[in-house]
Amino acid sequence: MMLNKIAHSLTRKPKLVAWIAILLLIPSALGYICTRVNYDILSYLPEDLASVQGERLLEDPFHDAATSMLIVDGMPAAYTNDLINSIKNVPGVSNAVWISNAVGIQIPIDFIPPELRDMFYAGQSTMMIIQYEKAGAAEETMQAIHDVRALCNEKCFLAGFSVVIKDTKDLVDRELPVYVSLAVVLALVAMSLTMESFLLPFVFLFSIGIAIVYNFGSNIFLGEISYITQAIAAVLQLGVTMDYSIFLYHRYREERQRHDDPKDAMAEAIVAAFTSLSGSSLTTIAGFLALCFMQLTLGRDIGIVMAKGVVLGVATVVLILPAFLLIFDERIEKKKHKTLIPNFEKLNTWIVKHRRCFVALFLLLFLPAFYAQNHTDVYYKLDEALPQDMASIVANNKLKDDYNMASTHFVLLRDDLSSQQMFELENDVNSIDGINSVLSYHAMLGTGIPDFFIPDELREMLKQDGWQIMMINSEYSTATTAVSDQLNALKAIVQKYDPNGLITGEAALTDDLIDTSAVDFKVTNYISIAAILLIIAFVFKSLSMPIILVAAIELAIFINQGIPYFSGTVIPFVSPTVIGCVQLGATVDYAILMATRFREELQAGRDRKEAIHIAATASDPSIVTSSLVLFCATMGVGTISEIEIISSICMMLARGALISAVVSMFIMPPILCVCEPLFQKTSLHWRTAAPPKQRRLPKPSMTAK
């Protein structure tokens, strides 16, 4: 058999295998360094949306892919004029507009037309509009924002979504090393308490670290990954693939008792690990791949990277970890100690005795948990997920307070609309609730400025290649019902005058994000559930078993997602979608482990109460170890991260690991015991093993994976 030959070859020269694995880190590290990170979640919206098409037009031909507003507070006009001229020379800035572009700085403020005065002045401050050639998340734009800030003094405030993206990047870059370090330290603590050797956790972590670097290095083929993926992928991969290492080691210790040569024992363990883990990891991979069906391609980004991480985790356990275990075998043995995992025999005796009460509890919890998770409030305003003392957030709040500008809409229209049509259009737009100013080429001419007086740079900003732009400032914040209603009213007016007109901007993109995410949440959950149901049905050859196992883990997910409802917490929109798929895929193996052992004991001739007692007592230590590692790997990041999207996902994953473990240990055994007659009627070879001529199922692991 090919697998046996490969396993035998791998174990003959463990030091060579180890050195090859270490050398492969070099190209992987280079791939990681060269992989671009995208900090703009809105860029993952489907390309066929009108708001996204509008963004593409802003980028080309208008060279206005990103816009920011610079507020200059209490400075003379000469300073602001010199500043805007300096900003125009910053690489990456396509244009900068202030009152001087239209009427000069010699005209007293009181003589400036009211429409322009209200837009560019508020109290002692004035505002300029800065446009960038590249998208808000582009390196060129973020460097341009850095350079613009370097030109400003402490009385200048740079606001806008592109500036928020820049500050997000800086914050993630500062926090990411802390995420990984804390996850490693806490995972080491968890493993040191639950494993029998002080050295073993270090060997496991080094092996998983290699798999993580391989995964991040191979992301270069994707071109870029999101900052959310970058922040959580290493931690998640550590949490969900640690069990594979534990299984290989446990299997190696079993084989070691049957073989004189440790290399032969490891070869047998490799074969068993590959056969078992290749099937066991399918549920985790299915959970991640379900995210790829999101219309918001952020899900595909996370799903591909994490599914790839699980595959590479299994490959590393089978191909690389055996070499390190053989190299450090004697030292691992010398560093053995007692674990702190208790014996669960008495607890399981009590659980089995009160099994009907736990089944009743399961049924009673389901409806309120389902209701709570369906009514948990989420938010979509992305800057709410960031520290409120960030420079960009402070500037955005000042823009809203001083200029009553909470959001800006960009309307793209054909430029051959008549003056009368534009006049009526602008009047209709100004009549919409919450609109406080409109800037367009026609509106500027309407202030009495002759066409030939309009500077070329201002004309090029507002008219290009048969299109014209209207910049509409709103007092309503992004991701609110008020701005959504406002956008609907604006769409109706724009369509009346130009059926091909487009509306874009942060508020319009976020409005589409809300609609897209509502569909994504349902679709990804249905797909992940269906895929895992099919996998379990195939493994157990059963119609009822997959329903029971998935229902138990879904209860854990409902409880996890419903806790914010009872605590009154509002969570980021992406958290429920990610948690629904990841928690199911990563923790359903707890239930599979126990069910597999339960069936084994039944096939050995035991009655169902004795069988479930043995299965639960054997499985609980593995479930505790697995859930603690996942909990520790994610909890630290969730606690320290200042970015609430990352913090929320990690905290919910940490909490979900514990809830899934509790459900698997306390509710799963009673359900399996009570439903055993149903399994017997709806499953093949339930109480009797499959005939010898058929391929037997791999021996169940002693871990949750």
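Within 6.0 Å of atom NZ in Lys381, more than 12 heavy atoms from other residues, nucleotides or ligands are found, so the atom counts as buried in its surroundings. By the 6.0 Å contact criterion, NZ on Lys134 is open, its count of non-hydrogen atoms from other residues, nucleotides or ligands being 12 or less. Heavy-atom contacts from other residues, nucleotides or ligands closer than 6.0 Å to CZ of Phe423 number 12 or fewer.
Side-chain contact of Ser474 with Gln486: a donor-acceptor pair under 3.5 Å is present, judged by distance alone. The closest side-chain donor-acceptor pair between Gln420 and Glu424 falls under 3.5 angstrom. In summary, the side chains of Asp512 and Ser51 do present a donor paired with an acceptor at a separation below 3.5 Å, with no hydrogens or angles considered. Side-chain N/O atoms of Glu426 and Ser440 include a donor and acceptor closer than 3.5 Å. Checked by atom type, the side-chain pair Thr481/Ser484 shows no donor-acceptor distance below 3.5 Å. Defined by atom type and a distance below 3.5 Å, a donor-acceptor pair is missing between the side-chain atoms of Asn436 and Glu475. Using modelled atom types, one finds no donor on one side chain facing an acceptor on the other under 3.5 Å when comparing Asp520 with Thr577.
Within the 3.5 Å criterion, the main-chain N or O of Gly638 finds a donor-acceptor partner in the side chain of Ser647. Checked by atom type and distance alone, the side chain of Asp498 never pairs as donor or acceptor with a backbone atom of Leu413 at under 3.5 Å. Side-chain atoms of Thr510 never come within 3.5 Å of backbone atoms of Leu513 as a donor-acceptor pair (strictly under, hydrogens ignored). Between the side chain of Thr141 and the backbone N or O of Ala137 there is no donor-acceptor pair closer than 3.5 Å. For Ser418 (side chain) and Gln421 (main-chain N/O), a donor-acceptor pair under 3.5 Å exists by modelled atom type.
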Where do Ile228 and Ile41 land on the side-chain contact (heavy atoms from CB on, under 4.5 Å) test, with the steps shown first?
CA-CA 9 Å; Ile228 296 175; Ile41 292 179; 3.6 Å; yes
Checking Lys463 against Asp415 for the salt bridge (charged side-chain N to carboxylate O under 4.0 Å, His left out) test, could you report, in this order, the C-alpha distance in whole Å, the side-chain angles of both residues, the deciding distance, and whether it holds?
CA-CA 7 Å; Lys463 279 194 173 186; Asp415 70 353; 5.2 Å; no
Ser94 vs Ile130, test: side-chain contact (heavy atoms from CB on, under 4.5 Å). Steps then yes/no.
CA-CA 8 Å; Ser94 61; Ile130 304 173; over 6 Å; no
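Applying the salt bridge (Lys or Arg N to Asp or Glu O under 4.0 Å) criterion to Asp170, with sequence neighbours excluded, gives Lys166. Residues passing the ring pair (Phe, Tyr, Trp, His ring centres under 6.0 Å) test with Tyr380, sequence neighbours excluded: Phe573. Take Thr639 and apply the side-chain hydrogen bond (donor to acceptor under 3.5 Å, both in side chains) test, not counting sequence neighbours, and it matches no residue. Judged as a side-chain hydrogen bond (donor to acceptor under 3.5 Å, both in side chains), and not counting sequence neighbours, Glu154 has no contacts. Checked against side-chain hydrogen bond (donor to acceptor under 3.5 Å, both in side chains), Asp433 has no partners two or more places apart in sequence or in another chain. For Ser43, the side-chain hydrogen bond (donor to acceptor under 3.5 Å, both in side chains) partners two or more places apart in sequence, or in a different chain, are Asn38. Among residues two or more places apart in sequence or in another chain, the salt bridge (Lys or Arg N to Asp or Glu O under 4.0 Å) test is passed with Asp167 by Arg149. Every residue two or more places apart in sequence or in another chain that forms a salt bridge (Lys or Arg N to Asp or Glu O under 4.0 Å) with Glu47 is listed here: Arg56. Remark: Phe288 pairs with no residue by the ring pair (Phe, Tyr, Trp, His ring centres under 6.0 Å) rule, at least two apart or across chains.
Between Leu182 and the choices Val637, Ile640, Val235, the side chain to side chain contact (heavy atoms under 4.5 Å, CB included) rule is met once, by Ile640. Partner of Thr376 under the side chain to side chain contact (heavy atoms under 4.5 Å, CB included) criterion, chosen from Ser567, Pro576, Ser575, Pro564: Pro564. Checking Leu399, Asn396, Ile71, Ile145 one by one against Leu158, the side chain to side chain contact (heavy atoms under 4.5 Å, CB included) holds for a single residue, Ile145.
Pairs engaging residues 122-131 under the side chain to side chain donor-acceptor pair (under 3.5 Å) rule: Asp64-Gln131, Trp98-Thr126, Ser125-Tyr403 [sequence neighbours left out]. The ring pair (Phe, Tyr, Trp, His ring centres under 6.0 Å) pairs that include a residue from residues 26-50 are Tyr32-Phe216, Tyr39-Tyr227, where partners are two or more places apart or lie in different chains. Every pair tested for salt bridge (Lys or Arg N to Asp or Glu O under 4.0 Å) that includes a residue from residues 640-651 fails, sequence neighbours excluded, so the list is empty.
Closest approach of Asp428 to Lys496, counting heavy atoms only: OD2-NZ, 4.0 Å.
At a threshold of 4.0 Å, the pair Lys155-Asp73 does not count as salt-bridged, since none of the basic side-chain nitrogens sits closer than that to a carboxylate oxygen.
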